[in-house]
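Worksheet: one structure, shown below.
Per chain, numbering begins at 1; letters A, B, ... match sequence-line order.
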There are 2 protein chains.
Amino acid sequence: MYLSSSVETRSFRELCADHGLTATHQRQVLYEVMQTMPGHPSPEEVYARVKKRIPAISLATVYKNIHLFVERGVLKEVSMHHGSLRVELNSHLHHHMVCSHCKAITDIEEKDLGVLPALQRLPGGFQVERYAIDVIGICAACQKTKRS
Amino acid sequence: MYLSSSVETRSFRELCADHGLTATHQRQVLYEVMQTMPGHPSPEEVYARVKKRIPAISLATVYKNIHLFVERGVLKEVSMHHGSLRVELNSHLHHHMVCSHCKAITDIEEKDLGVLPALQRLPGGFQVERYAIDVIGICAACQKTKRS
DNA sequence: CTAGTAAACGATAATTATTATCGTTCGTCA
DNA sequence: TGACGAACGATAATAATTATCGTTTACTAG
Ligand SMILES: [Mn+2]
Ligand SMILES: [Mn+2]
Ligand SMILES: [Zn+2]
Ligand SMILES: [Zn+2]
């Protein structure tokens with residue numbers, strides 16, 4: 001199936017070119033659907049929407065392309081959810097560095113962050129318990145390894 | 001099986017009393033083991049360690065008690081992992097409010113946070129891509145609902 | 001406009017993580 | 001010490017994600 005030649009298609013092809021992706025129908029619909037989902041959808045939620053336009057699409061395709069989009073910076077991962085629950089004993093106030101490649105979590109002191117969390121009133125009557133700051137990046141080990 | 005009467009046991013019983021928990025052998029070992037795990041272990045990792053001291057313990061017990069400890073503030077959840085992967089289209093710089101009760105995620109502008117992330121050199125040669133700040137608390141809806 | 005080729009897709013099995021169920025045992029308190 | 005509700009262990013069930021593999025598609029050279 002060939003992609004149609006509308007304006008949206010042209011800009012989508014540019015986006016793919018910019019990110020080194022082959023332009024497929026499934027990817028275009030996935031991308032267009034995401035543009036209409038302003039929240040923080042899960043793969044299942046995206047799948048449900050995409051399926052309305054491509055009933056034969058596979059959930060696996062949605063997963064594969066979401067990962068690819070995140071990898072190439074088209075999508076952003078909201079929850080750096082680490083695959084499984086992670087806990088620690090309550091101790092002193094600190095935050096974390098999370099490697100976007102290997103997902104390793106390392107402690108970082110608040111003073112080393114240079115951030116000044118000012119507990120102020122937040123929109124919508126949200127009752128603040130605490131801040132959790134993730135510094136996302138590439139850890140030293142992955143910097144050495146990653147030669148792709 | 002009765003808990004022994006060592007110093008650790010006495011302080012553990014106090015901890016349980018303080019948090020409204022019945023003091024069981026499994027919970028004490030779980031807690032003591034966590035004290036020797038400085039990182040950010042998963043339930044499986046904790047289970048593996050606890051099993052060395054209580055070979056008959058069930059994984060379900062570890063899960064149940066980790067959840068309970070988090071609920072009562074004995075443990076802290078490191079990844080406010082939202083159960084499933086969540087993504088969004090890359091747009092403007094913003095952060096999130098996460099409800100610790102219903103896990104709802106809401107956008108929040110950086111200017112509304114009163115935080116000043118200063119991209120400075122971080123320990124260990126970590127190469128920063130971005131900050132992700134989660135303001136964790138109770139959303140307005142859950143504040144109304146939660147009458148326990 | 002074909003044909004070749006690698007990439008992507010769809011179906012589905014497999015794996016991982018987590019939760020629910022339920023009969024048995026334990027901890028608390030009178 | 002005995003009653004009773006809470007917690008436990010075994011295990012089935014569910015949810016989320018990934019792997020496998022045969023078929024189809026997109027891209028490109030001719
Ligand atoms: Mn930590
Ligand atoms: Mn957002
Ligand atoms: Zn890494
Ligand atoms: Zn809530």
Side-chain angles (χ1 to χ4, degrees), chain A residues 1-5 9-10 12-17 19-31 40-48 50-51 53-72 74 77-87 103, chain B residues 1-5 9-10 12-17 19-31 40-48 50-51 53-72 74 77-87 103:
Chain A
M1 178 197 293
Y2 287 95
L3 294 171
S4 63
S5 302
T9 299
R10 264 194 297 282
F12 175 72
R13 300 190 72 95
E14 281 170 22
L15 180 121
C16 286
H19 292 87
L21 300 169
T22 58
T24 72
H25 182 220
Q26 288 84 348
R27 277 173 194 168
Q28 179 172 10
V29 172
L30 176 50
Y31 180 73
H40 309 92
S42 65
E44 284 282 355
E45 286 164 350
V46 175
Y47 174 60
V50 171
K51 216 172 180 190
R53 286 183 50 189
I54 312 179
I57 200 171
S58 167
L59 177 59
T61 299
V62 172
Y63 267 98
K64 281 182 282 199
N65 284 316
I66 284 178
H67 285 318
L68 197 59
F69 280 173
V70 168
E71 208 176 291
R72 303 303 170 87
V74 178
E77 185 172 348
V78 173
S79 114
M80 290 298 296
H81 85 124
H82 310 116
S84 66
L85 176 66
R86 297 307 171 100
V87 291
K103 308 282 183 182
Chain B
M1 178 196 292
Y2 286 95
L3 294 172
S4 63
S5 301
T9 298
R10 264 195 298 281
F12 175 72
R13 299 191 73 96
E14 282 170 21
L15 180 121
C16 286
H19 292 86
L21 301 169
T22 57
T24 71
H25 182 221
Q26 288 84 347
R27 278 174 194 168
Q28 178 170 12
V29 172
L30 176 50
Y31 180 72
H40 308 93
S42 66
E44 285 282 355
E45 285 164 350
V46 175
Y47 174 60
V50 171
K51 217 172 181 189
R53 287 183 49 188
I54 312 178
I57 200 171
S58 166
L59 176 58
T61 299
V62 172
Y63 267 98
K64 282 181 283 202
N65 285 315
I66 284 178
H67 285 317
L68 197 59
F69 280 173
V70 168
E71 209 176 290
R72 304 302 171 88
V74 177
E77 186 172 349
V78 173
S79 114
M80 289 299 294
H81 86 125
H82 310 114
S84 64
L85 177 65
R86 296 308 171 100
V87 290
K103 307 284 182 179

Search all heavy atoms of [X] against all heavy atoms of [Y] and return the closest pair with its distance.
{"X": "A:Thr22", "Y": "A:Arg27", "value": "O-NH1, 2.8 Å"}
{"X": "A:Phe12", "Y": "A:Thr24", "value": "CE2-O, 3.8 Å"}
{"X": "B:Leu59", "Y": "B:Tyr47", "value": "N-CE1, 3.4 Å"}
{"X": "A:Ile54", "Y": "A:Gln26", "value": "CD1-CA, 3.9 Å"}

Starting the side chain at C-beta, find the nucleotide from [options] nearest to [X].
{"X": "B:Ala60", "options": "D:dA10, C:dC9, C:dG10", "value": "D:dA10"}
{"X": "A:Ser58", "options": "D:dT18, C:dT12, D:dC27", "value": "C:dT12"}
{"X": "A:Thr22", "options": "D:dG9, C:dC9, D:dC27", "value": "D:dC27"}
{"X": "B:Leu59", "options": "D:dG9, C:dT18, D:dC27", "value": "C:dT18"}
{"X": "A:Ile57", "options": "C:dC9, C:dG10, D:dA26", "value": "C:dG10"}
{"X": "A:Thr61", "options": "D:dT18, C:dG10, D:dC8", "value": "C:dG10"}

Is a donor on one side and an acceptor on the other found under 3.5 Å between the side chain of [X] and the backbone of [Y]?
{"X": "A:Glu45", "Y": "A:Ser42", "result": "yes"}
{"X": "B:Arg13", "Y": "B:Ala23", "result": "no"}
{"X": "A:Arg86", "Y": "B:Val78", "result": "no"}

Please report the distance, rounded to the nearest Å, between [atom1] in [X] and [atom2] in [N].
{"X": "A:Glu71", "N": "C:dA8", "atom1": "CD", "atom2": "P", "result": "11 Å"}
{"X": "A:Leu85", "N": "C:dT18", "atom1": "CG", "atom2": "P", "result": "6 Å"}
{"X": "A:Gln28", "N": "D:dA26", "atom1": "CD", "atom2": "C1'", "result": "14 Å"}
{"X": "A:Gln26", "N": "D:dT24", "atom1": "CD", "atom2": "P", "result": "14 Å"}
{"X": "A:Leu21", "N": "C:dA6", "atom1": "CG", "atom2": "P", "result": "19 Å"}
{"X": "A:Lys51", "N": "C:dG10", "atom1": "NZ", "atom2": "C1'", "result": "11 Å"}
{"X": "A:Tyr63", "N": "C:dC9", "atom1": "OH", "atom2": "P", "result": "16 Å"}
{"X": "B:Asn65", "N": "C:dG27", "atom1": "CG", "atom2": "C1'", "result": "14 Å"}

Considering just the side-chain nitrogens and oxygens of [X], establish if one lies under 4.0 Å of OP1 or OP2 belonging to [N].
{"X": "A:His67", "N": "D:dT17", "answer": "no"}
{"X": "A:Thr24", "N": "C:dA7", "answer": "no"}
{"X": "B:Arg13", "N": "C:dT28", "answer": "yes"}

With five pairs defining each end axis, the helix from C:dC1-D:dG30 to C:dA30-D:dT1 comes out bent, to 10°, by 40°

Can you tell me how far CD of B:Glu71 sits from CD of B:Glu77, rounded to the nearest 0.5 angstrom?
-> 11.5 Å

Ranking B:Pro55 and B:Ser84 by the position along DNA chain D of their nearest nucleotide, the one closer to 5' is B:Pro55

Position toward the 5' end of DNA chain D (nearest nucleotide), A:Lys64 or A:Pro43 | A:Pro43

